[in-house]
Amino acid sequence: MGYGEVARAAGFPRYSRMVSAALGRSPEPLPWFRVVRSNRTLAFEVGSSSYREQAQLLKEEGVRFDGVKIIELETENSLDRILWGPQD
DNA sequence: AAAATGACGAACC
DNA sequence: AGGTTCGCCATTT
């Protein structure tokens with residue numbers, strides 16, 4: 001899931017930036033690290049401490065990388081499923 | 001009130 | 001392919 005994708009899924013197509021803001025501000029432990037950029041790279045500047053943290057967390061979730069690019073982000077407990085569940 | 005700012009994204013050079 | 005500009009919209013200056 002990218003920020004724009006989350007926004008769309010929530011019914012706010014132009015709110016990608018608000019999504020990132022919300023994830024950052026939220027006091028509850030949201031799985032912010034599962035949200036990436038639309039180009040499938042991580043959300044932060046490569047090498048930054050936040051970048052390394054996100055990379056580490058994602059690896060623990062079983063997400064694989066091709067260098068800086070993410071091979072496949074969607075895991076069995078991807079963000080959309082956590083937030084909105086299997087709907088049915 | 002006006003301008004700058006973002007864990008964004010797409011459109012243009 | 002890679003760098004710059006532009007649209008987005010709530011917050012903060």
Side-chain angles (χ1 to χ4, degrees):
Chain A
M1 288 289 280
Y3 296 88
E5 296 175 70
V6 174
R8 264 178 289 141
F12 298 88
R14 316 259 135 23
Y15 282 61
S16 56
R17 308 191 84 145
M18 306 305 105
V19 171
S20 61
L23 289 178
R25 292 164 178 281
S26 177
E28 18 174 352
L30 292 173
W32 55 270
F33 50 87
R34 301 212 192 119
V35 188
V36 300
R37 288 201 176 204
S38 57
N39 59 8
R40 307 285 88 170
T41 64
L42 299 194
F44 307 90
E45 181 184 353
V46 177
S48 69
S49 63
S50 291
Y51 175 94
R52 288 195 293 275
E53 182 182 350
Q54 181 171 26
Q56 175 58 37
L57 288 165
L58 286 177
K59 285 177 188 171
E60 292 176 12
E61 295 286 321
V63 177
R64 283 125 36 164
F65 298 84
D66 169 31
V68 308
K69 302 289 185 189
I70 293 173
I71 300 293
E72 58 181 342
L73 175 63
E74 305 301 325
T75 63
E76 41 92 10
N77 53 355
S78 52
L79 183 58
D80 53 345
R81 190 159 320 203
I82 286 183
L83 289 181
W84 304 294
Q87 292 301 335
D88 47 86

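Since we're looking at a predicted model, the values are computed, not measured. So you know, we letter chains A, B, ... as the sequences are listed, proteins then strands, and number each from 1. Every heavy atom of this structure was used, including side-chain atoms; hydrogens, water molecules and symmetry mates were not.
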Would A:Glu5 and A:Arg40 pass as an ion pair if we require N to O under 4.0 Å? yes
A:Gln54 vs A:Phe44 side-chain heavy atoms within contact, under 4.5 Å: yes
So A:Leu42 and A:Leu58, do their side chains get closer than 4.5 Å, heavy atoms only? yes
Euclidean distance, atom OH of residue A:Tyr3 to atom C1' of B:dA10 [Å, nearest integer]: 17 Å
P spacing across the pair B:dA7 / C:dG2, given as an integer number of angstrom: 24 Å
Taking CZ from A:Phe44 and C1' from B:dC8, how many angstroms apart are they, rounded to a whole number? 12 Å
Nucleotides 5-13 of chain C: protein proximity per nucleotide (B base, S sugar-phosphate only, - neither; heavy atom, under 4.0 Å): --BBBSSS-
For A:Trp32 and B:dA7, give me the distance from atom CH2 to atom P, rounded to whole Å. 12 Å
Treating A:Arg64 as the side-chain partner and A:Ile70 as the backbone partner, does any N or O pair qualify as donor plus acceptor under 3.5 Å? no
Does A:Ala21 or A:Arg8 map to a spot on DNA chain B nearer the 5' end, using the closest nucleotide for each? A:Ala21
Between A:Arg40 (CZ) and B:dA10 (P), how many Å, whole number? 10 Å
Using side-chain heavy atoms (C-beta onward) and a distance below 4.5 Å, is A:Lys69 in contact with A:Thr41? yes
Would you check if the side chain of A:Ser20 reaches a backbone N or O of A:Arg17 as a donor-acceptor pair within less than 3.5 Å? yes
Between atom CE in A:Met1 and atom P in B:dC8, what is the gap in whole Å? 16 Å
Quickly work out the A:Leu23 CG to B:dC8 P distance and round it to whole Å. 11 Å
